[in-house]
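For reference, the structure discussed in these notes is given below.
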Number of protein chains: 2
Amino acid sequence: MVSFTDAKRVVDSALASGRLAILVGRCRVLYEGRAASKLSEGDRVLIVKSDGTFLVHQSKGMSAINYQGPGAAVATDAGEKELVVVARRKKAGGPAEKIEVHFESVAFADSFPMKDDASLRLFGSERQLSDLLMGDLHLIEPGLVPLKKESEVRKGTIDILAEDKKGNLVVIEVKRRTAELAAASQLKRYVDELSERKGRVVRGILVAPGVSASAHKMLDKAGLEFFKMDYEIGNPSARIKGLQKKQKELGEFA
Amino acid sequence: MVSFTDAKRVVDSALASGRLAILVGRCRVLYEGRAASKLSEGDRVLIVKSDGTFLVHQSKGMSAINYQGPGAAVATDAGEKELVVVARRKKAGGPAEKIEVHFESVAFADSFPMKDDASLRLFGSERQLSDLLMGDLHLIEPGLVPLKKESEVRKGTIDILAEDKKGNLVVIEVKRRTAELAAASQLKRYVDELSERKGRVVRGILVAPGVSASAHKMLDKAGLEFFKMDYEIGNPSARIKGLQKKQKELGEFA
DNA sequence: GCGATCAGCGGCACG
DNA sequence: CGTGCCGTTGATCGC
């Protein structure tokens with residue numbers, strides 16, 4: 001058991017010296033900001049990072065039950081009957097936010113210096129798959145050549161803009177997992193905008209490892225296409241295994 | 001400093017007895033599964049929950065840099081030069097996943113019993129706002145009456161299905177924050193499906209505290225409408241402040 | 001700063 | 001189990 005004043009000192013000194021503080025104890029939590037929440041008494045882990053990150057974890061589940069992102073101002077108040085740790089934050093364009101953690105007992109409190117200059121190297125992101133695909137557009141369809149990557153249109157960013165052998169513009173949207181309705185709608189937005197701006201037919205191809213039934217139907221109706229893309233991810237690499245044309249030219253492209 | 005064998009014991013016994021384990025130390029992390037990642041040496045916090053949840057946190061940022069959800073099988077291996085903690089998991093329909101945390105030193109290791117039966121009560125969710133709105137549809141438009149809430153259609157779930165005074169079906173989609181292109185597309189999917197199934201014109205209203213310019217334009221083009229909804233969130237309540245009709249009947253509904 | 005999108009999204013609810 | 005979608009989404013990138 002840790003006294004409230006000791007626990008307060010741990011958090012205060014951690015904040016002052018850029019260390020990470022960990023508290024474990026019985027507490028209730030109040031949140032008010034973009035939404036509001038109450039969590040009654042229970043044992044939880046509180047992590048306070050030097051950048052203001054504030055995380056309350058319960059005994060189960062992956063997500064913090066209450067949290068505040070980098071930039072939060074953390075204050076402590078040790079009373080007779082409880083220790084209160086408060087995180088306040090004003091996000092740009094949003095309401096003021098506040099989390100109060102009321103500890104009725106603290107089982108553990110300590111802080112740790114955290115030297116860490118490393119950043120994650122991730123393999124298999126959509127962006128990386130899209131890059132790989134750029135060099136292999138002929139696998140999707142002979143004669144398909146890339147025009148531009150990550151082309152900005154008013155309605156978002158087109159993953160790959162290409163041209164087919166007939167000279168048609170082709171919008172390619174890549175998904176790293178099964179494409180659903182939202183992905184089909186997204187592709188349709190790009191194709192609609194581009195076709196309207198160019199005043200001619202624009203093809204659209206959704207490239208993903210799979211597609212949901214209703215997304216596929218929606219593509220059909222809109223004259224858009226789907227290509228199944230398989231890929232393998234190792235460490236440290238990602239590789240597109242091969243592209244199987246599952247469906248071709250559903251619409252007519254004069 | 002904690003010995004590798006002691007740290008291993010902490011994790012093993014925590015897993016055996018349903019406690020939550022916390023390790024702090026210098027480590028590198030390897031991940032391979034749906035994607036793959038490498039993170040070189042640095043000081044991190046590892047949390048292992050009794051449900052298999054596995055979280056690696058760096059000194060900054062809100063999100064765990066590597067993680068595994070509930071259900072992961074955690075194993076430890078204390079060697080001469082390092083302590084390895086591995087989490088494995090096979091998600092349904094997904095590839096096998098594995099995280100390896102290689103500790104070269106452990107600054108802290110302990111486990112804690114976590115009694116916690118409380119669950120979060122959240123106020124101001126979209127669902128709640130939608131419920132509030134159901135009782136006040138006349139504020140959006142005189143004569144608007146609710147037909148159904150959370151109505152399932154093939155393409156998703158319609159927040160509120162209503163009927164206007166002319167007998168037109170009205171699909172209402174509620175967003176708790178500024179509506180963007182995706183929200184407009186979502187509404188359009190519902191309206192298109194319903195109008196096709198019913199064989200008659202169906203109105204669609206996007207209700208949100210704001211709307212992006214391009215989303216608004218897209219609504220216009222599709223003959224859909226937008227209503228600005230303001231709300232207040234207190235603890236423990238959420239209240240829709242009042243509805244101002246910002247734009248009415250952009251399309252023609254014979 | 002707004003806006004659009006990705007995320008190893010996670011989580012939930014419903015078919 | 002797939003599918004859709006909300007989330008206090010967070011994080012990123014381009015304008």
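Keep in mind that what you see is a predicted model, and the values were worked out from it rather than measured. Lettering of chains follows the sequences in order, A, B, ..., and the numbering in each one begins at 1.
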Residue mapping more 5' on DNA chain D - nearest nucleotide basis, Ala92(B) or Tyr190(B): Ala92(B)

Describe the nucleic acid contact of Gly156(B) in one word from base, sugar-phosphate, nothing, applying a heavy-atom distance below 4.0 Å. sugar-phosphate

Quick one: does Ile47(B)'s side chain get under 4.5 Å of Lys49(B)'s, heavy atoms only? yes

Smallest heavy-atom separation, Glu100(B) atom then Val86(B) atom, equals CG-CG2, 3.9 Å

Hey, is Arg239(A) close enough to Glu232(A) for a salt bridge, meaning N to O under 4.0 Å? yes

Salt bridge or not for Arg189(A) and Glu173(A), using N-O below 4.0 Å? no

Roughly how far, to the nearest 0.5 Å, is the CE atom of Met218(B) from the CG atom of Asp192(A)? 8.0 Å

With a non-hydrogen cut-off below 4.0 angstrom, is Lys175(A) in contact with a base, only sugar-phosphate, or nothing? sugar-phosphate

Got a list of side-chain donor-acceptor pairs under 3.5 Å for residues 114-122 of chain B, not counting sequence neighbours?
from: Asp116(B); atom 1: OD1; to: Arg44(A); atom 2: NH2; distance (Å): 2.8
from: Asp116(B); atom 1: OD1; to: Ala118(B); atom 2: N; distance (Å): 3.0
from: Asp116(B); atom 1: OD2; to: Arg44(A); atom 2: NE; distance (Å): 2.9
from: Asp116(B); atom 1: OD2; to: Arg44(A); atom 2: NH2; distance (Å): 3.2
from: Asp116(B); atom 1: OD2; to: Gln58(A); atom 2: NE2; distance (Å): 3.0

Cut-off 3.5 Å, no hydrogens considered: what does the side-chain donor-acceptor table look like for residues 60-67 of chain B, sequence neighbours left out?
from: Asn66(B); atom 1: ND2; to: Ser37(B); atom 2: OG; distance (Å): 3.1

Protein proximity profile, nucleotides 8-15 of chain C - base contact B, sugar-phosphate-only contact S, no contact -, cut-off 4.0 Å on heavy atoms: BBSS--SS

Atom P, compared across dG4(D) and dT8(D): separation rounded to whole Å: 22 Å

Which donor-acceptor pairs under 3.5 Å do side chains of residues 206-213 of chain B form with protein atoms, sequence neighbours excluded?
from: Ser212(B); atom 1: OG; to: Ala215(B); atom 2: N; distance (Å): 3.2

Glu193(A) CD to dT5(C) C1': how many Å, rounded? 15 Å

On DNA chain D, which is the earliest and which the latest nucleotide, 5' to 3', with an atom closer than 4.0 Å to a heavy atom of chain A? dT3(D) to dC15(D)

May I ask you to list the residues of residues 179-187 of chain A, by number, that have any heavy atom positioned under 4.0 Å from an atom of DNA chain C? Gln186(A)

Ignoring hydrogens and angles, state whether a donor on the side chain of Gln68(A) or Lys91(A) is under 3.5 Å from an acceptor on the partner side chain. no

Mind checking if Glu173(B) touches a base, just sugar-phosphate, or nothing, with heavy atoms under 4.0 Å? sugar-phosphate

Report yes or no: does Asn235(A) contribute a side-chain atom to a donor-acceptor pair with the main-chain N or O of Ala36(B) at less than 3.5 Å? no

Do Tyr31(A) and Glu97(A) pair up side chain to side chain, a donor and an acceptor below 3.5 Å, judged on atom types alone? yes

